[in-house]
Protein chains: 2
Amino acid sequence: MSATTTLSRERAAPRRRDAEATRAAILEAAKTHFARSGYDHAALRDIAADAGCDVALIKRYFGGKDALFVEALKASFHPDRLREWDRRAFPRDAAIMLANAAPIGEEPTHSFQFLLRTATSPTTAPLLNLAMQERFLAPIRDWLGGEDAPARARVMAAVYIGFLVERLIREKPLRGRERDVFIDRVTAIFEAMIAPSP
Amino acid sequence: MSATTTLSRERAAPRRRDAEATRAAILEAAKTHFARSGYDHAALRDIAADAGCDVALIKRYFGGKDALFVEALKASFHPDRLREWDRRAFPRDAAIMLANAAPIGEEPTHSFQFLLRTATSPTTAPLLNLAMQERFLAPIRDWLGGEDAPARARVMAAVYIGFLVERLIREKPLRGRERDVFIDRVTAIFEAMIAPSP
DNA sequence: GACCCAAGTCAACCATGATTGACATCTTGC
DNA sequence: GCAAGATGTCAATCATGGTTGACTTGGGTC
């Protein structure tokens, strides 16, 4: 939803036929559906229905399911968020975030569910390499900086993904001592990863 | 492949019509296909072809795709392997294994790829929790032992899964210094996880 | 040898879902 | 107003793949 883009406000005409808006609506719906259901189980008809338009428009605006997926994949990552994170606070903040329950459909998980679904499907795994490089590994590498940033970024990305997966399949929330131990251990791991090479 | 099970050798008759053998062949083929392609992309016709029989036999012997998948899932885990791992050598051995390229269909990864692919499909995702608990978390917990084993097992499983995902989507093999740093860091993480609580 | 049942084969059936082209309708420029 | 192109709709088409039932074949028993 939220198909009404704010751009070109000078054109007061509330034209109902707005290619740009429909395209954006399709992309938005696609992000949600792909993240929730994965590539295979996301039906273009459902996406179109959510976007409030016909399936055929997807072909017109994106070309096909593959192309739509790639666009949605690109649009689903917001690596800029990383820059806002404080280096000192990150390990524990991230650990606590991971210890808490993952609300289904909430924003932060969104893109990572996407990631997971993409990584584990043979169809889409190849597509992920590029996106990972550009949008995930590179930002982490820059954020880390220092010696051996590439290898360390790779390790950090892997660990982070692992915890996201764990949270995704966690059956019940962590409590009490288990939660505390979990947080402490995860914090230690993140701290070790951020630490520059000796 | 390897449809000739060794059991019942006393019955010298090389009967070509062997329900037990075909059933085993189907299961074996299913394990491979499901692990490599995931639930959705594994076609029963392909599995049957690999097993050297007709699709209809799958229905006869297993009932349907779902049931076959469950059987293959159960048969794909060998959590007992964990016991063989030496506590001291594990961190570095595991790190090196993860640094190397993942040969599709090789034994060690096999069951874990299976696990990961399971997460892809909404059909099979519910099965994942159970399998994770019984066949992954519990063995690790026992293997770790000591104080706070549950929380530590959770952390360790998550990290391990993360690295498996990373390896799945890794575009080219690690080399040189990047590989060395990767191994060192991963080793350190595993060592930290194995270490008992202070 | 005749017979019966398990084991295996074959050819449909059916649902799903992406793709496509023909068609309708709105918007805009003249 | 009116043509033309952009935008949106509709109903096939096509491929895939799981499911199913009728059929054939083999192999052991009487």
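Since this is a predicted model, take the numbers as computed values, not measurements. When reading the values below, keep in mind they use all heavy atoms of this one structure, side chains included, and skip hydrogens, waters and symmetry mates. Below, chains carry the letters A, B, ... as their sequence lines are ordered, and counting in each starts from 1.
In the set D:dC10, C:dT9, D:dG17, D:dG17 carries the atom at the smallest distance from any side-chain atom of B:A43. Relative to the side chain of B:V55, the nucleotides C:dG8, C:dT20, D:dT19 differ in distance, and D:dT19 lies closest. You'll find that the side chain of A:Y61 is closest to D:dT7, out of D:dT20, D:dT7, D:dT9. If you check C:dA18, D:dC10, C:dT20 against the side chain of A:L44, the one that comes closest is C:dA18.
At the heavy-atom level, A:A42 lies under 4.0 Å from the strands shown only through sugar-phosphate atoms.
At whole-Å resolution of the value, OH in A:Y39 and P in C:dA18 are 8 Å apart. Atom CD1 in A:I58 sits roughly 12 Å away from atom C1' in C:dG17 (whole-Å rounding). Distance CD (A:E20) to P (D:dA6): 15 Å, rounded to an integer number of Å. As rounded to whole Å, 10 Å separates atom P of C:dT9 from atom CD1 of B:I26. Between the CG atom of B:D40 and the P atom of C:dA18 there is a distance of 13 Å, given to the nearest Å. To the nearest angstrom, P of D:dT25 lies 16 Å from CG of B:L57. Following rounding to the nearest Å, B:R45 (CZ) and D:dG18 (P) show an atom-to-atom distance of 7 Å. Rounding to whole angstrom units, CZ of residue B:R60 and C1' of D:dC23 are separated by 11 Å.
Under the side chain to side chain contact (heavy atoms under 4.5 Å, CB included) rule, B:R185 has a single partner from B:V181, B:I183, B:T187, which is B:V181.
Under the 30°/60° scheme for interplanar angles, the aromatic rings of A:F90 and A:W85 are found to be tilted.
For B:K65 and D:dG18, the shortest distance from a side-chain N or O to OP1 or OP2 is below 4.0 Å. The side chain of B:T22 contributes no N or O atom lying less than 4.0 Å from OP1 or OP2 of C:dA7.
Defining each end axis of the helix from C:dG1-D:dC30 to C:dC30-D:dG1 as the rotation carrying four pairs' C1' atoms onto the next four, with five pairs an end, the two axes are found to diverge by 10° to 10 degrees.
Seen from the ring of B:F182, A:R152 does not count as a face-on cation partner, given the 6.0 Å and 45° thresholds.
Linking ILVMFWY side-chain heavy atoms closer than 4.5 Å, directly or via other members, places A:F69 and A:L57 in a single hydrophobic cluster. The cluster map of Ile, Leu, Val, Met, Phe, Trp and Tyr, joined by side-chain heavy atoms under 4.5 Å apart, puts B:V159 and B:I140 in the same cluster.
Checked for salt-bridge contact, B:K31 and B:E71 miss the test: no charged N lies under 4.0 Å from a carboxylate O.
Going from atom CD1 of A:I96 over to atom CG of A:L174 covers 12.5 Å, rounded to the nearest 0.5 Å.
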